[in-house]
Every structure is written in structure tokens, then in C-alpha cells.
Protein chains: 2
Amino acid sequence: MRPAKARVRKRIAGPQRAARTTKPQRSVPRAASGATSTRAKPLALGDLSQLLGYSIRRAQLWIFKEFSRQLAAFEISPAQFSVLCVIDANPGVNQLAVAQLLSIERAGLGRLVDHLEGRGLVRRSASAVNRRYYVLYLTDTGTALLGRLRPAAAASDKALAAKIGPRAYKELQRALSTFVGDA
Amino acid sequence: MRPAKARVRKRIAGPQRAARTTKPQRSVPRAASGATSTRAKPLALGDLSQLLGYSIRRAQLWIFKEFSRQLAAFEISPAQFSVLCVIDANPGVNQLAVAQLLSIERAGLGRLVDHLEGRGLVRRSASAVNRRYYVLYLTDTGTALLGRLRPAAAASDKALAAKIGPRAYKELQRALSTFVGDA
DNA sequence: TATTGTTATACTCTATAACTATA
DNA sequence: TATAGTTATAGAGTATAACAATA
């Protein structure tokens with residue numbers, strides 16, 4: 001049998017162990033020329049290698065992995081860390097302002113703040129000036145945790161600096177500053 | 001009433017229009033000091049602004065948005081484009097090799113290739129040398145489409161170059177080359 | 001009528017485990 | 001026993017529409 005083919009699947013959520021009644025069969029074109037696939041020739045990225053956008057994507061994946069590794073003990077995601085930082089830097093900020101600053105959807109940010117509040121890191125208070133607002137503060141627990149997150153985040157950024165070199169680190173910080181603050 | 005609070009939610013999937021029986025009430029600390037939240041003072045990013053990792057994340061989000069804008073007419077995501085590029089550059093490659101090169105899970109790549117095959121862009125053939133393999137090729141349709149995607153992807157990368165400047169573009173290409181090829 | 005926050009929903013990604021066929 | 005591909009599933013993240021309360 002072939003590697004279990006199900007072409008043009010329907011993406012349905014079937015039963016847990018679906019019965020494999022119909023064995024997929026297809027005409028096997030032996031005349032596939034020199035298609036060895038026996039891991040000898042190195043693979044090429046093609047046009048991808050010329051696109052800076054792809055390099056940045058790969059760098060970002062590496063950074064999230066490194067960040068998660070450094071902060072694994074705290075169970076804090078990059079997005080959660082960014083929200084804690086913004087609340088810490090702007091005590092009494094409201095949710096929409098945080099969402100806009102970080103380019104997060106307000107609905108998603110609401111759930112994220114729910115989570116942080118449930119862990120006792122963030123406190124929601126009613127605004128005295130506009131009753132539609134919540135104003136956000138770090139709790140003492142939140143402040144204490146952020147104090148421990150900061151060195152870990154800095155270590156993760158240092159690992160990045162070590163990977164690309166200190167000069168490139170400075171160059172990137174200057175070159176990419178345009179992206180921080182706008183969408 | 002307050003802004004409809006449901007603190008420490010349970011993340012359950014309730015009925016479409018859940019009855020809002022319990023009106024959330026909480027002690028309103030008026031002594032919230034100078035927490036105005038009336039959009040006057042500019043917000044600060046806090047420690048975030050010092051982390052290159054955050055800048056790269058923001059840059060990557062911008063790039064995906066720009067890429068999707070340029071390729072909207074083709075309904076091709078960045079990930080799909082990357083797979084088309086790799087198959088084009090390595091005719092007869094097998095799925096696992098593509099997954100490893102692009103750091104995509106093989107399960108996810110299988111579904112992605114399903115989609116591309118369903119659109120008639122990619123052809124799966126049985127390997128002549130190892131019957132566990134599929135070998136992947138672009139169809140004529142896929143090759144033709146990639147020919148039209150290439151300029152669009154290049155335009156998206158040019159927009160990035162225009163945003164950061166040509167010198168920074170070259171610097172980044174050199175500095176980030178370490179991330180292309182490994183995890 | 002517009003705005004803040006919430007809810008519900010859907011879709012994509014990611015990650016994992018288990019399974020079939022093959023080696 | 002190990003590997004390629006698939007399936008199922010669960011968890012995040014994202015995007016949107018609609019609603020309540022408030023302005």
C-alpha cells in the first residue's frame with residue numbers, strides 16, 4: 001500500500017479512530033525520472049533565500065523559541081510579557097489603549113487580561129472618569145513577577161545578540177525601530 | 001452597570017446569547033490616583049522598546065501583512081508560497097525534506113500540500129526507489145502561478161526595503177542569514 | 001450615534017500522539 | 001525497530017460580528 005493517501009480531504013472532525021475502509025490506490029508513475037529523494041543533494045530554498053522577509057520570519061521563530069525557553073519556568077508567553085510591560089509602564093491604562101499600542105485585537109486582549117487577572121498578576125479597576133473604562137494595574141504579585149521576568153527577557157535578547165553579533169544587533173535595533181509603534 | 005465583567009471566565013462555549021443574569025459588581029476604588037485614561041499622555045512601551053526581539057516581531061507582522069496584501073489576488077499565504085518555492089527549486093523532493101527545510105511540522109505540511117494539490121498546483125507521485133515516499137512536483141499550473149507570484153513577492157520585499165532603507169536592507173540580509181537553514 | 005469591553009464564532013497554526021505502510 | 005505520511009485532537013492566536021453599557 002501507498003503512504004495512506006486521502007487527496008482533497010474535507011477537513012471534517014471524524015470519530016477518534018476512523019475506520020480505514022477504502023484503501024487509497026492510485027496509478028503509480030514509475031517513470032518519475034531521477035527522483036531519488038535519498039538524502040544526498042542538499043536542498044535549495046529557491047527564491048526564498050533572496051527575500052529578507054523570509055529571513056526575518058525565521059529569525060522571529062527562533063526568537064520566540066528562545067524566549068519561551070528562557071521564560072518556561074514562569075509560564076509567560078511573549079504576548080503576555082508585552083502586556084505586563086505596558087501596564088507596568090503605564091499604570092491605569094485602559095484595555096483598548098494597550099491593544100492599539102501592541103497591535104492586538106481588543107477581543108483577544110480581553111481574554112489575555114482575563115488570564116493575567118485570574119493568575120493574580122493584573123488588577124482591573126473601574127475608571128473614575130469614564131465608566132466604560134477599566135483601568136489596569138499590576139498587582140504586587142504582578143510587579144514581583146515582572147521583576148523576575150525582566151532579566152530572563154534580557155537574557156533571551158542577549159542570546160539573540162550572541163547569535164548575530166553585537167554590531168548587527170545595534171544595526172538592527174536602529175533599522176527596525178520604524179516598526180515599533182505603528183502597525 | 002459596569003462594562004460587562006466576567007472575571008476569571010471559564011472559557012466555556014456557552015449558548016449564543018448567554019443570559020446575563022448576575023450583574024457583576026465590584027468595589028470601585030475612587031482613590032485610583034491620577035488614572036485618567038483620557039488619551040492625552042503618550043503611552044510607553046516600557047522594557048519592550050529595548051528588546052530587539054520585540055522589534056523583529058513587529059517587523060515580521062508588518063511583512064506578513066504586506067505580503068498578504070501583495071498576493072491577495074492569488075490567495076496564497078506566506079507558508080504556501082514558501083512550499084511552492086522549495087518544490088520548484090527541488091523537483092521530486094519528498095514531504096519530510098520540505099518540512100525540515102522550512103521548519104514546519106510534517107503533519108501540518110501534509111495538510112498544506114493537500115490544499116495545494118487540491119488546487120492543482122502540486123503533483124504527488126510515488127517514489128520509484130522508496131515506496132514510503134511521495135515525490136513532489138509543481139504542475140504546469142503551479143509553475144505558471146509561481147511565475148506570477150515571484151514578482152509580487154519581490155514587490156513585497158521591495159516595500160520592506162523602502163520602509164527601512166536600502167542600506168539597512170543589505171545589513172539585515174547579512175545579519176539574519178544565520179537563521180535561514182537552521183531551526 | 002460612537003466607543004469600551006465582552007461574547008460567540010470561525011479559521012488558521014502549531015504540537016502531539018497514534019496509526020498504516022514500508023523499510 | 002525505524003521512517004514517511006496520515007489522522008485525530010487540543011491548544012493557541014487571529015479576525016469578525018454583535019451585543020450591553022456608557023458617553
Side-chain angles (χ1 to χ4, degrees), chain A residues 1-7 9-25 37-39 57 61 64-65 68 75 77-80 93-100 102-115 117 124 126-127 129-136, chain B residues 1-7 9-20 23-25 37-39 57 61 64-65 68 75 77-80 93-100 102-115 117 124 126-127 129-136:
Chain A
M1 184 183 170
R2 319 258 75 255
K5 184 59 181 315
R7 184 174 33 182
R9 261 174 289 168
K10 287 297 169 44
R11 202 59 336 116
I12 49 151
Q16 185 156 43
R17 206 104 293 153
R20 190 181 295 266
T21 52
T22 59
K23 303 208 172 205
Q25 52 195 3
S37 299
T38 38
R39 206 60 343 88
R57 169 61 173 166
L61 286 176
F64 264 32
K65 195 161 284 182
S68 300
E75 299 198 73
S77 73
Q80 291 164 352
V93 70
N94 68 65
Q95 286 189 189
L96 188 58
V98 175
Q100 288 171 341
L102 296 176
S103 288
I104 301 175
E105 282 296 317
R106 57 183 176 160
L109 181 67
R111 287 191 295 268
L112 200 156
V113 173
D114 278 348
H115 180 78
E117 189 184 30
R124 276 178 165 115
S127 166
V129 299
N130 189 329
R131 307 222 301 155
R132 280 178 308 183
Y133 288 163
Y134 281 129
V135 290
L136 304 176
Chain B
M1 183 183 171
R2 321 260 70 257
K5 183 62 183 310
R7 183 175 34 183
R9 260 174 289 168
K10 288 297 172 41
R11 207 52 341 118
I12 50 151
Q16 185 155 41
R17 208 104 291 156
R20 193 180 295 266
K23 302 204 173 210
Q25 51 193 4
S37 299
T38 40
R39 207 62 340 94
R57 170 61 174 165
L61 287 176
F64 264 31
K65 194 161 288 184
S68 299
E75 299 198 73
S77 72
Q80 290 165 351
V93 70
N94 67 66
Q95 287 190 188
L96 187 59
V98 175
Q100 289 171 340
L102 296 177
S103 288
I104 301 176
E105 281 296 317
R106 58 182 176 160
L109 180 67
R111 288 191 294 267
L112 201 157
V113 173
D114 278 348
H115 179 78
E117 190 184 30
R124 278 177 165 115
S127 167
V129 300
N130 189 329
R131 306 221 304 155
R132 282 178 307 183
Y133 290 161
Y134 281 128
V135 292
L136 305 176

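Below, all heavy atoms of this structure are taken into account, side chains as well, without hydrogens, waters or symmetry copies. By convention in this document, chain letters (A, B, ...) are assigned in the order of the sequence lines, proteins followed by strands, and residues within each chain are numbered from 1.
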> In terms of side-chain heavy atoms of A:Arg124, which of C:dT4, D:dA15, C:dT6 is nearest?
Replying inline: C:dT6

> If you take all heavy atoms of A:Gln80 and A:Glu75, which pair is closest and at what distance?
Replying inline: OE1-O, 3.7 Å

>> Can you tell me which nucleotide in C:dG5, C:dA23, D:dA23 comes closest to the side chain of A:Arg132?
In response: D:dA23

>> In whole Å, I'd like the distance from the CD atom of B:Glu105 to the P atom of D:dA4.
In response: 13 Å

> Quick one: on DNA chain C, does A:Arg106 or A:Arg57 contact a more 5' nucleotide (nearest heavy atom)?
Replying inline: A:Arg106

>> Could you tell me how far apart A:Phe64 (CZ) and C:dC13 (P) are, to the nearest whole angstrom?
In response: 16 Å

> Rounded to whole angstrom units, what separation is found between the OH atom of A:Tyr133 and the P atom of C:dT4?
Replying inline: 5 Å

>> Please compare A:Ala107 and A:Gln80 by the position of their nearest nucleotide in DNA chain D and report the one closer to 5'.
In response: A:Gln80

> Across the strands shown, which category fits A:Gln95 at heavy-atom distances under 4.0 angstrom: base, sugar-phosphate, nothing?
Replying inline: sugar-phosphate

> Just wondering, do A:Arg124 and A:Gln95 contact through their side chains at under 4.5 Å, heavy atoms?
Replying inline: yes

> When rounded to the nearest 0.5 angstrom, what distance separates CG in A:Leu136 from OG in A:Ser127?
Replying inline: 11.0 Å

>> What is the distance, to the nearest angstrom, from the CG atom on A:Leu112 to the C1' atom on C:dG5?
In response: 15 Å

Between N or O atoms, less than 3.5 Å apart, protein on one side and nucleotides 10-12 of chain C on the other: list the pairs.
none

> Which heavy atom in B:Leu112 sits nearest to a heavy atom in B:Ala79, and how many Å separate them?
Replying inline: CD1-CB, 4.0 Å

> When the distance from CD1 of B:Ile104 to C1' of D:dA4 is rounded to whole Å, what number comes out?
Replying inline: 16 Å

> Does a nitrogen or oxygen in the side chain of A:Asn94 sit under 4.0 Å from OP1 or OP2 of C:dG5?
Replying inline: yes

> Can you check the A:Leu96 CG to C:dT6 P distance for me, whole Å?
Replying inline: 11 Å

>> According to side-chain contact (heavy atoms from CB on, under 4.5 Å), who are the partners of B:Leu96, at least two apart in sequence or on a separate chain?
In response: B:Asn94, B:Gln100, B:Arg106

>> I need the CD-C1' distance between A:Glu75 and D:dA12, as an integer number of Å.
In response: 14 Å

> For A:Leu109 and D:dT16, what is the distance between atoms CG and C1' respectively, to the nearest whole Å?
Replying inline: 16 Å

